Amino acid sequence: MDKETVRDIQTKDKRVLVRVDFNIPLDKSTGEITDDSRIRATLPTIEHLVNQGARTILASHLGRPEGRVTEELRLGPVGERLSQLLGRPVRRTRDCVGNEAEKAVKEMEEGDVLLLENLRFYPEEEENDPQFSKSLAQLADVYVDDAFGAAHRAHASTVGVTQHLPAVAGMLMEKELGFLGKALANPERPFAMVVGGAKVSDKIVLLENIMKEVDFLIIGGGMANTFLKAQGYNTGSSKVELDHLGSARVILDKASKNGVQLLLPTDAVVAKEFTRESEHKTVPITDVPDDWMILDIGPETAARFNEELNKCKTVVWNGTMGVFEFPTFAEGTKSLASSIAKLDAMTIIGGGDTAEAIVELGLTDHISHISTGGGASLRFLEGKTLPGVEVLLDK
Ligand code: AMP
């Protein structure tokens, strides 16, 4: 990586503001943390700073409080979990700037860890407000960005603050950029990108960019419907983006010109309704009945995808193969996840729903890298510069 990292700088006795991404999933009814991967992923940076004798000041957002103090989105439970994982106290403030935060920082000693309150309780955070950026920066001597998941956003805590403090990458940021960067710039071949999820429109730029890099492009999930329709198949009552049929045709055409093997489903699990309990059956892709919708890839498709993936040395996967939230339509995603987990290859999961599926299936340890940033990894794979990375000091 061409950016300075937390390991390149002296942090002993310094006040170090670390932007982390503790935007973790919480159970809607109990408020309990359902997946703490994002907290665990920041431990190397925090432990490094603690061992160096820094005063570590952590800042994060959680959820979408839309600029207002929202009790359910306070970082209390996150602080408790972090404290358990670190095996040391984590002090918390009920504000992220101003008198209370400043007083708490003043009271810190070498090796202490402090967690500021949810940044997005202030609208100024997402507005990248200069005064708010300054108030955050005033708390520290150095800035470390370890929030890969927020690096595609130009906010006060990811961009504004770097106007006032020397800014370097944390170890998670370094790891994320290392894996994704290697996949794009120097992949071991054959290289396959597996794309799924709801819509083509979300991933069209990704498909266009990745086309130049990959040997295999494997498309499943709801987005495959638009490609199938573009090829003239009957897709019944499936969700199809009619205004993207043209883009799908361009991608299909480019794949054949560039020698990219593009794979689409050859069978599907179809349902009468978009519900958990809907009547359903598996059919060849040539026989999707009118009034039925495709909600998952079928077993023949999963086996074919698996067969091609077995040839690959680099695999990047973003987007579920079906409606994973409904157990009946989760088999395609499960099957693909276990295939990818068995590969002798560098395997990268691009965050979001796909990462949650891997965690739920207990396959985390069998994947080379699970990104903590769905949106950020998409932007990166689209070939875009991430604003939160651009502002860090060059090596
Ligand atoms: P994404 O956030 O783009 O990765 O999309 C994930 C979402 O795509 C999940 O909520 C899935 O339920 C949805 N999805 C996957 N396959 C289908 C499908 N065949 N029809 C409708 N939605 C789907």
Side-chain angles (χ1 to χ4, degrees), residues 23 25 28 34-35 64 149 152 193-207 210 217-230 233-242 244 247-248 263-285 288-289 291-302 305 315-337 340 348-361 370-382:
N23 184 30
K28 280 197 187 78
T34 54
D35 175 10
R64 296 175 193 273
H152 58 313
M193 174 90 209
V194 185
V195 209
K199 294 189 280 175
V200 179
S201 47
D202 292 341
K203 293 180 188 163
I204 199 83
V205 184
L206 163 75
L207 292 172
I210 208 81
L217 186 55
I218 297 182
I219 303 178
M223 64 183 293
N225 301 340
T226 304
F227 283 87
L228 292 166
K229 182 91 178 171
Y233 290 102
N234 180 22
T235 50
S237 60
S238 308
K239 282 183 197 161
V240 170
E241 287 168 279
L242 294 174
H244 277 93
S247 332
L263 276 74
L264 285 165
T266 51
D267 65 343
V269 183
V270 294
K272 283 233 153 163
E273 301 154 5
F274 191 89
T275 59
R276 185 173 281 264
E277 310 297 344
S278 172
E279 185 187 343
H280 60 278
K281 59 184 178 184
T282 301
V283 295
I285 215 67
V288 176
D291 302 332
W292 290 65
M293 62 185 81
I294 302 172
L295 292 189
D296 197 7
I297 57 169
E300 179 190 289
T301 304
F305 287 1
V315 176
V316 181
W317 179 19
N318 184 307
T320 58
M321 294 291 101
V323 183
F324 184 79
E325 300 88 326
F326 300 160
T328 321
F329 308 107
E331 286 307 312
T333 303
K334 281 189 189 170
S335 166
L336 195 80
I340 290 182
I348 301 175
I349 306 296
D353 285 327
T354 327
E356 279 179 38
I358 292 283
V359 172
E360 224 178 290
L361 297 169
I370 301 177
S371 177
T372 53
S377 67
L378 259 185
R379 290 293 99 72
F380 190 93
L381 294 167
E382 284 172 358

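Remember, it's a predicted structure, so these values are computed and weren't measured experimentally. Note that ligands are numbered from 1 as they come in the structure, with each ligand's atoms numbered from 1 the same way.
- In terms of polar-atom proximity, defined here as any N/O pair under 3.5 Å, D296 makes no such contact with ligand 1.
- No side-chain heavy atom of T301 sits under 4.5 Å from any side-chain heavy atom of M321.
- Numbered from 1 in the order shown, with element, the atoms of ligand 1 that lie under 4.0 Å from a heavy atom of G221 read 16 (N), 19 (N).
- The two residues H280 and S278 have their closest heavy-atom pair at ND1-O, 3.0 Å.
- You'll find the side chain of F305 stays beyond 4.5 Å of the side chain of V194, heavy atoms only.
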Report task. Report the C-alpha separation of E279 and W292 in whole Å, then their side-chain angles, then the decisive distance to 0.1 Å, and conclude whether the side-chain contact (heavy atoms from CB on, under 4.5 Å) test is met. Result -> CA-CA 10 Å; E279 185 187 343; W292 290 65; 3.7 Å; yes

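- Residues K334 and F324 meet the side-chain proximity criterion, which asks for heavy atoms closer than 4.5 Å.
- Checking only distances, I294 does come within under 3.5 Å of ligand 1, N or O to N or O.
- Counted by atom type alone, S237 and D291 present zero donor-acceptor pairs between their side chains at under 3.5 Å.
- Proximity to G222 (heavy-atom distance under 4.0 Å) selects the following atoms of ligand 1: 15 (C), 16 (N), 17 (C), 18 (C), 19 (N), 20 (N).
- The residue from I297, L378, V323, T354 that puts a heavy atom closest to atom 21 (C) of ligand 1 is V323.
- Shortest contact from atom 14 (N) of ligand 1 to any protein heavy atom: G322 O, 3.9 Å.
- Taking a 4.0 Å cut-off on heavy atoms, K199 fails to register as neighbouring ligand 1.
- Counting heavy atoms from C-beta on, the side chains of K281 and P289 come closer than 4.5 Å.
- Under the 4.0 angstrom criterion for non-hydrogen atoms, G352 is not in contact with ligand 1.
- A donor-acceptor contact shorter than 3.5 Å links the side chain of D296 to the backbone of G332.
- Nearest protein heavy-atom neighbour of atom 6 (C) of ligand 1: D353 OD2, 3.0 Å.
- Per-residue contacts place K203 under 4.0 angstrom from the following atoms of ligand 1 (heavy atoms of the residue considered): 1 (P), 3 (O), 4 (O).
- For ligand 1, the polar-atom distance check finds no N/O of G319 at less than 3.5 Å from any of the ligand's N/O atoms.
- Given atom 8 (O) of ligand 1, the protein heavy atom at minimum distance is A198 N, 3.0 Å.
- Residue E325 has at least one N or O atom closer than 3.5 Å to an N or O atom of ligand 1.
- You'll find the side chain of V269 stays beyond 4.5 Å of the side chain of E331, heavy atoms only.
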